[in-house]
Amino acid sequence: MQYWLVKSEPEAFSWEDLEKSGKTAWDGVRNYQARNHLKNMQIGDFVLFYHSVSEKAVVGLAKVIGTAYQDPTTDDTRWVCVDIEPVQKFAKPISLEWIKNQPLLQNIPLIKQSRLSVMPLSKEEFEIIIKNQNISF
DNA sequence: GCCAACGTTGGC
DNA sequence: GCCAACGTTGGC
């Protein structure tokens with residue numbers, strides 16, 4: 001079991017869009033580091049969903065329901081996507097500002113490498129972010 | 001809206 | 001193989 005965080009501009013694809021469609025192919029990734037993380041995802045892994053730019057907050061929890069396969073939005077075989085589905089919306093979004101103030105979250109790529117769109121989190125980092133959300137697994 | 005950070009491209 | 005130019009992301 002691994003833990004991940006993915007970013008999306010809500011104007012492009014939001015948590016609400018994910019809930020509406022029930023599941024989605026996490027495609028369009030064109031960065032090798034992010035691509036490598038996608039390839040490492042396993043079915044059942046949890047994925048935190050972050051709204052970048054206009055909101056800058058983690059807004060929900062999703063999970064992986066399909067492992068990496070050829071990204072259908074390109075013929076270029078370098079790129080893959082995975083399938084995810086929503087688990088639960090956060091009762092209270094976790095802001096970037098809050099994350100920056102947590103001593104134990106100082107090393108996550110969200111802060112250190114702001115342009116990476118798919119990143120791994122440790123179990124501890126994941127649990128700090130989802131605590132107080134009353135999420136039932 | 002600006003711009004820093006950073007990844008990619010292409011000329012040499 | 002280096003690096004300048006360029007495009008994109010995302011915080012501010």
Side-chain angles (χ1 to χ4, degrees):
Chain A
M1 166 70 69
Q2 291 173 95
Y3 305 90
W4 311 94
L5 184 148
V6 299
K7 301 199 296 196
S8 182
E9 289 193 41
E11 289 74 20
F13 188 85
S14 69
W15 172 263
E16 286 68 31
D17 293 330
L18 176 61
E19 283 194 336
K20 247 177 274 173
S21 51
K23 66 171 185 176
T24 196
W26 203 254
D27 57 25
V29 170
R30 298 291 184 269
N31 169 282
Y32 290 110
Q33 226 184 325
R35 189 275 315 264
N36 291 342
H37 293 318
L38 289 180
K39 284 186 169 180
N40 285 330
M41 289 186 181
Q42 297 297 318
I43 288 173
D45 282 358
F46 286 118
V47 180
L48 292 172
F49 197 102
Y50 177 83
H51 278 170
S52 65
V53 185
S54 57
E55 193 171 355
K56 284 172 289 180
V58 181
V59 295
L61 177 67
K63 71 177 177 184
V64 177
I65 57 169
T67 54
Y69 57 96
Q70 170 67 37
D71 185 336
T73 65
T74 178
D75 290 331
D76 191 330
T77 54
R78 291 177 297 172
W79 308 118
V80 300
C81 63
V82 300
D83 289 331
I84 65 171
E85 70 175 15
V87 174
Q88 193 171 321
K89 184 180 181 175
F90 276 13
K92 183 175 175 296
I94 297 298
S95 70
L96 178 61
E97 187 186 10
W98 185 87
I99 290 171
K100 281 185 167 177
N101 285 324
Q102 303 308 306
L104 296 176
L105 295 178
Q106 292 308 299
N107 291 320
I108 67 174
L110 191 66
I111 295 174
K112 305 207 104 179
Q113 205 180 343
S114 67
R115 295 186 52 192
L116 185 63
S117 63
V118 180
M119 66 193 75
L121 296 179
S122 71
K123 189 170 196 289
E124 292 70 27
E125 291 161 346
F126 174 79
E127 285 175 348
I128 290 168
I129 294 171
I130 66 157
K131 74 177 180 183
N132 304 325
Q133 296 294 339
N134 290 321
I135 287 178
S136 46
F137 295 103

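The structure displayed is predicted, hence computed values, not measured ones. Within every chain, numbering begins at 1; the chains are lettered A, B, ... in the order of the sequence lines, protein sequences first and strands thereafter.
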Euclidean distance, atom CG of residue A/L110 to atom P of C/dG10 [Å, nearest integer]: 10 Å
Salt-bridge contact A/K56-A/E97 (side-chain N to carboxylate O under 4.0 Å): no
Donor-acceptor pair, side chain of A/D71 and main chain of A/D27, under 3.5 angstrom: no
Closest-nucleotide ordering on DNA chain B, the 5'-leading residue of A/V53 and A/R78: A/V53
Short side-chain N/O contact to C/dG11 OP1/OP2 from A/Y50, under 4.0 Å: yes
Separation of atom CG in A/N31 from atom P in B/dA5, rounded to whole Å: 18 Å
Phosphate OP1/OP2 of C/dT8 contacted by A/K7 side-chain N/O (<4.0 Å): no
Aromatic ring proximity A/W79/A/Y32, centre distance under 6.0 Å: yes
Nearest listed nucleotide, side chain of A/Q33, among B/dA5, C/dG11, B/dG7: B/dG7
Integer-rounded Å distance: C/dG10 C1' and A/I99 CD1: 14 Å
Parallel, tilted or perpendicular, as decided by the 30° and 60° cut-offs, for the rings of A/F13 and A/W26: perpendicular
A/D76 CG to B/dT8 P, straight-line distance once rounded to whole Å: 12 Å
Which nucleotide in B/dG7, C/dG11, B/dA5 has an atom nearest any side-chain atom of A/K56: C/dG11
Whole angstrom value for the distance that separates P of B/dT8 from OH of A/Y32: 6 Å
Euclidean distance, atom CE of residue A/M119 to atom C1' of B/dC6 [Å, nearest integer]: 14 Å
Rounded distance in Å - CG (A/L116) to P (C/dG10): 9 Å
Shortest side-chain distance from A/Q113, nucleotide among B/dC6, C/dG11, B/dG7: B/dG7
Point-to-point distance, once rounded to the nearest 0.5 Å, from CD1 of A/I111 to CD of A/Q106: 5.0 Å
Nearest listed nucleotide, side chain of A/E9, among C/dG10, C/dC12, B/dT8: C/dG10
Rounded distance (Å) that lies between atom C1' of B/dG7 and atom CH2 of A/W79: 10 Å
